[in-house]
Amino acid sequence: MRLTKKRKAQEILSILKTLYPDATCSLDYQTPVQLLVATILSAQCTDERVNKVTPNLFARFPDAPSLAHAHREEVETLIRSTGFFRNKAKNIQGTCLKIVKEFNGEVPQTMKELLTLPGVARKTANVVLAHAFGIIEGVTVDTHVKRLSNRLGLTKNSQPIQIEKDLMKLLPQPEWENFSISIIYHGRAVCNARKPQCDMCQLIHLCSDYKKNQKK
DNA sequence: ATCCCGAGGG
DNA sequence: CCCTCTGGAT
């Protein structure tokens, strides 16, 4: 192997940073609770669509107590277009109720506590910790991070938790969330699921999938 | 492994 | 019609 996998990962990150210097969390929010809710809504849904429903949702129910005690049907109606709206409404209200009752109205700031909230697993927890509190606990692995990490050859695993462990070994801890954010931008703009734009891609010299397809 | 679920693109 | 979108719980 000419390039160690670690070296390759950092090279990828370096290029992505130059391509997307202003990459940030694309969800709109004002408070940690709102970021948490927006992130729950982002499951299997574009952030663009989430940002279309959250202004109305947060205007009506701006905080954890109001969301926790809202009528389920009204919450469902407000978030309907994001899909999975029954599960998401139940999880948002369950999470907000737990925040009010067990966490003194504040979003908890540890992975362990966040994972006790309904509808919150490592992906959502990593996003909230990083962007609401500046705590880099792990690598956010969503559908884009999963797809690109596999295509680029940074992991051979398909389960998000295993992919996260692999990426944590390959990248310096302070860069974990920067990697996720910028690779998500690249996944949306260039390396999309259906038809990756390899002719536009700045990473093809580092891409296992591109090399494999060249051989055939 | 399967279910939840709407909207947009091809 | 089929696939995909910053997943999580059963």
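Remember, predicted model here, so these are calculated numbers, not experimental data. Because only heavy atoms are used, hydrogens play no part in the values below, and waters and symmetry mates are left out as well, while side chains stay in. Naming: A, B, ... by sequence-line order, numbering from 1 per chain.
Summarising the geometry, the separation between CD on A/Glu76 and P on B/dG6 is reported as 11 Å, rounded to the nearest angstrom. Following rounding to the nearest Å, A/Asn51 (CG) and B/dG6 (P) show an atom-to-atom distance of 21 Å. In this structure, CG of A/Leu36 is placed 11 Å from P of C/dG8, rounded to the nearest angstrom. Look at CZ on A/Arg122: it is 17 Å from C1' on C/dA9, rounded to the nearest Å. Computed from coordinates, the A/Lys195 NZ to C/dC2 C1' distance equals 17 Å when rounded to whole Å. One can place CD of A/Gln44 at 10 Å from C1' of C/dG8, the figure rounded to the nearest angstrom. Here the P atom of nucleotide B/dA7 and the CG atom of A/Asp47 are 17 Å apart, to the nearest Å. In this structure, CG of A/Leu27 is placed 10 Å from P of C/dG7, rounded to the nearest angstrom.
Environment of CD in A/Gln162: crowded, with over 12 heavy atoms of neighbouring residues, nucleotides or ligands closer than 6.0 Å. Around CZ of A/Arg72, the count of heavy atoms belonging to other residues, nucleotides or ligands within 6.0 Å exceeds 12. Applying the 6.0 Å contact sphere to CD of A/Glu48 captures no more than 12 heavy atoms from other residues, nucleotides or ligands.
Closest-nucleotide positions on DNA chain B for A/Arg86 and A/Lys52 were compared, and the one nearer the 5' end corresponds to A/Arg86.
In this structure, A/Phe84 packs face-to-face on the six-membered ring of B/dC4, meeting both the 5.5 Å centre cutoff and the 30° plane limit.
Nucleic acid contact class of A/Arg49 (heavy atoms, under 4.0 Å, all strands): sugar-phosphate only. Within the nucleic acid shown, A/Leu117 comes within 4.0 Å of sugar-phosphate atoms alone, with no base atom in reach, counting heavy atoms only. Residue-level contact check: A/Val127 touches the bases, meaning some heavy atom is under 4.0 Å from a base atom. Residue A/Thr124 is in sugar-phosphate contact alone, with no base atom involved, counting any heavy-atom pair closer than 4.0 Å across all strands shown.
Using C1' as the reference atom, B/dC5 and C/dC5 are 12 Å apart when rounded to the nearest Å. B/dT2 and C/dT6 have their P atoms separated by 25 Å, with the value rounded to a whole Å.
The nucleotide whose nearest atom lies closest to any side-chain atom of A/Arg80 is, among C/dA9, C/dT6, B/dG6, B/dG6. Side chain of A/Ala193, nearest nucleotide from C/dG7, C/dG8, C/dT4: C/dT4. Ranking C/dT6, B/dC4, C/dA9 by closeness to the A/Arg188 side chain, first place goes to C/dT6. For A/Ser81, taking side-chain heavy atoms from C-beta onward, the closest of the listed nucleotides B/dG6, C/dA9, C/dT6 is B/dG6.
Using a 4.0 Å cut-off, some side-chain N or O of A/Thr143 falls inside it from OP1 or OP2 of C/dC5. When the side-chain nitrogen and oxygen atoms of A/Arg194 are compared with OP1 and OP2 of B/dG9, none of them lie within a distance under 4.0 Å.
Linking Ile, Leu, Val, Met, Phe, Trp and Tyr whenever their side-chain heavy atoms come within less than 4.5 Å leaves A/Val127 and A/Ile136 in two separate clusters.
For A/Gln34 (side chain) and A/Asp63 (main-chain N/O), no donor-acceptor pair under 3.5 Å exists by modelled atom type.
The distance from the CZ atom of A/Arg80 to the CZ atom of A/Arg86 is 7.5 Å, given to the nearest 0.5 Å.
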